[in-house]
Amino acid sequence: MPMIINGIGVSRGITQGWVHVLKRGETHISKRTLEPDQIGSEVERLNEALEESRKQLREVRDMVPEKMRQEVTGFLDAHLLMLDDAMLVDMPAETIRAQSCNAEWALEDTLEQLVAVFDSMEDAYLRTRKNDVQHVIRKVQENLSETEEGEAEVQERDLTGRIVVADDLTPADTVLIQHQNVAAFVTQFGSSMSHTAILARSLQIPAVVGLHDAGMLLEDGELVLIDGHGGTILCADDANWLVDQYREYQRAEQEREEKLMALRDKPTITRDKQSVTLKCNIDLIEEIPHVHEVQAEGVGLYRTEFFYLDRPEGASTDEQYEVYRDLVVALDGKPLTIRTLDLGADKEFDPDYEGAIAPNPALGLRAIRRSLQNKPVFMAQLRAILRASAHGPVHVMLPMLTNSSELSQSLALIRDCMEELGSEGAAYDPEIKIGGMIEVPAAAISASVFAHHLDFLSIGTNDLIQYTLAIDRVDDQVHYLFDPLHPAVLFLIHHTIQAGRQAGTPVSMCGEMASNPRLTRLLIGLGLREFSTHPGSLLEIKQIINHVSSEILQKQCQEILACPQPEKIHGMVEALAKA
């Protein structure tokens, strides 16, 4: 009897193959107490393992195909940088000396501290970055114990045409898998935002992640069919049935892809001639080729938090400027919207902080609040953004505004940075566009105030929903209450769009709602005319927009806005999506 298993599809493609379960040795780290005369040699042992790990990553980097090198090597370089960072060099060495313990335990202690820091972060994307720290530390621990079973298996086995199933894959694993011509992979952990998922898309490997108990559900040698877009895995004893299903999936996917790709060069416009702007959300320069592939009209959200993750004072102006400049050049005339620092309280990500953790970081010193309390760091970022604007269209986006005072202070600092750069003879765009994110109910209700003082507004639906409904969107116990279709949420979105329209200020949306094709008709009906989406969603959203009438949708959405019952709204939106 056929079995259908569903995970998270993160890399498009339909393929079939025989399962290969990648088995790794369990990581059991025990603490050993060292004699005083052993401490020096143990620190040296740690340093040797770090250097061996660097050597192995460089070898894997050399395996990346030339045509994909620019997109892929950044992930491996990030891991190499971690191997040179104080987090993984100085902290474990200090633990060895302070606790007279073995290097493996010192690394485990460092890992526990860093994972706690990442888990406390509000931004879902940033929380997934803890996986990179785990991957790097596990690699060093493997070299300390001289066991590299997982990577050795990938390197030595012939995996051509296989479906690799694993708990998780490091960037190095993923490159090795691509080098072995693996058909696809399935992991127990991971999300659409993980580096593993992004790498799979860059390397064009069909992939499904987040499939719990993948190693138990899928058996070694089993023939399966993988849909890397829908996240579906088909299993059956009848190989002929699977082959027929494979051909049907391929035919449907090919037709769908051809229809979507044919839209790339066409304008995004409704049947009643309403023009809509489609941009992309990105986190890394490696994603720029996807922006061009789908002919997006620019980047509507570029996150900058990685500059601050392991150093509370952040990267220097020059470091940030070089990254921003490279992004602007890579976009080749398309606008780049840079969101300024949007992390939780500095106590959450400063590795040297020893005081109390903020009891509720989501309501604490985060985003623009933190920037205004640490003006040197904020101005360093603003200077870098302004300098980058000399190379092409750049927009500044201020996160989590709640009142006009925060806005006036931010605008004053931007003017100060412009004056400083002018006195230094540094080039920048004096007409740079400045916008703000509408993420809290207070900002949405006061949207008309912000709209009159900013060049654009952008609705961040993830936080707006969370703050409106008073629930933690990453807390499993209340996650069921996270409802983008709650009447209050829809009211605030519509109110913000209307405030922008009355002031003549463009309003975009960069939250997850904008990337969900099921909600595209609803958002058009609410008046949204600029979306910033995941690159993989853009063409599907364009296809929907090009086939609808905004006037008809607007009338239908008036009924939805007037409905006080969330359950009924869900049914109405579902009917709208299928229309």
Side-chain angles (χ1 to χ4, degrees), residues 70-71 74 123 125 193 198 202 268 276-308 314-342 367-368 371 378-399 410-411 414 417-418 421 426-437 454-460 505-511 514-515 529-538:
Q70 182 179 356
E71 299 177 49
D123 192 294
Y125 171 78
M193 297 183 290
I198 297 172
S202 297
T268 308
V276 178
T277 300
L278 297 183
K279 296 180 180 179
C280 287
N281 299 335
I282 67 167
D283 302 291
L284 303 160
I285 193 170
E286 288 79 13
E287 296 173 86
I288 294 294
H290 300 304
V291 175
H292 290 308
E293 182 183 12
V294 297
Q295 290 294 311
E297 296 175 67
V299 170
L301 169 63
Y302 173 64
R303 302 176 179 91
T304 60
E305 287 70 41
F306 73 94
F307 285 119
Y308 304 84
S316 69
T317 293
D318 287 342
E319 288 177 275
Q320 294 187 63
Y321 160 70
E322 290 173 3
V323 174
Y324 302 150
R325 177 201 60 201
D326 291 347
L327 282 162
V328 173
V329 171
L331 281 170
D332 193 24
K334 295 178 178 179
L336 170 68
T337 302
I338 301 174
R339 184 179 72 184
T340 60
L341 175 63
D342 185 12
I368 198 66
S371 293
F378 189 28
M379 293 183 74
Q381 181 173 38
L382 292 174
R383 285 171 58 89
I385 295 172
L386 287 168
R387 286 171 57 190
S389 72
H391 300 277
V394 173
H395 304 163
V396 181
M397 189 155 69
L398 306 171
S410 299
L411 294 177
I414 292 172
C417 289
M418 286 181 172
L421 291 173
Y428 67 91
D429 177 10
E431 302 299 323
I432 189 170
K433 292 186 182 299
I434 301 168
M437 293 196 70
L454 289 166
D455 296 308
F456 66 93
L457 303 178
S458 185
I459 304 173
T505 303
V507 177
S508 67
M509 180 180 288
C510 59
S515 293
R529 296 295 179 266
E530 181 170 324
F531 294 66
S532 191
T533 78
H534 302 314
S537 303
L538 188 141

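Predicted, not measured: the structure shown is a model, and the values here were computed from it.
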Step by step, would you call Ile385 with Tyr324 a side chain to side chain contact (heavy atoms under 4.5 Å, CB included)? CA-CA 7 Å; Ile385 295 172; Tyr324 302 150; 3.6 Å; yes
Would you check if the side chain of [X] reaches a backbone N or O of [Y] as a donor-acceptor pair within less than 3.5 Å?
| X | Y | answer |
| --- | --- | --- |
| Gln320 | Ala384 | no |
| Ser515 | His534 | yes |
| Asp455 | Gly435 | no |
| Thr268 | Thr277 | no |
| Ser389 | Leu386 | yes |
| Thr317 | Ala380 | yes |
| Asn281 | Ser532 | yes |

For a quick test of reading the model, state the closest non-hydrogen atom pair linking [X] to [Y] and the distance between them.
| X | Y | answer |
| --- | --- | --- |
| Gly436 | Met397 | C-CG, 4.4 Å |
| Leu398 | Ser410 | CD1-CB, 3.6 Å |
| Thr533 | Ala514 | CG2-O, 3.4 Å |
| Ala296 | Leu538 | CB-CD1, 3.7 Å |
| Pro393 | Gly333 | CG-O, 3.3 Å |

How far does [atom1] of [X] sit from [atom2] of [Y], to the nearest 0.5 angstrom?
| X | Y | atom1 | atom2 | value |
| --- | --- | --- | --- | --- |
| His395 | Thr337 | NE2 | OG1 | 5.5 Å |
| Thr340 | Phe378 | OG1 | CZ | 4.5 Å |
| Leu382 | Arg387 | CG | CZ | 13.0 Å |
| Met437 | Leu301 | CE | CG | 6.0 Å |

Any donor-acceptor N or O pair under 3.5 Å, side chains [X], [Y]:
| X | Y | value |
| --- | --- | --- |
| Tyr428 | His391 | no |
| Thr304 | Gln381 | yes |
| Tyr302 | Glu287 | no |
| Ser458 | Ser508 | yes |

Side-chain touch [X]/[Y], heavy atoms, less than 4.5 angstrom:
| X | Y | value |
| --- | --- | --- |
| Val394 | Asp429 | no |
| Lys334 | Val299 | no |
| Met418 | Ile432 | yes |
| Ile338 | Val396 | no |
| Arg383 | Leu421 | yes |

Mind running side chain to side chain contact (heavy atoms under 4.5 Å, CB included) on Cys280 and Glu297 for me, showing each step along the way? CA-CA 8 Å; Cys280 287; Glu297 296 175 67; over 6 Å; no
Test side chain to side chain contact (heavy atoms under 4.5 Å, CB included) on Phe456 and Ile434; report intermediate values, then the result. CA-CA 7 Å; Phe456 66 93; Ile434 301 168; 5.8 Å; no
Below 4.0 angstrom, N of the basic side chain to O of the carboxylate: do Arg325 and Asp318 qualify? no
Salt-bridge contact Glu530-Lys279 (side-chain N to carboxylate O under 4.0 Å): yes
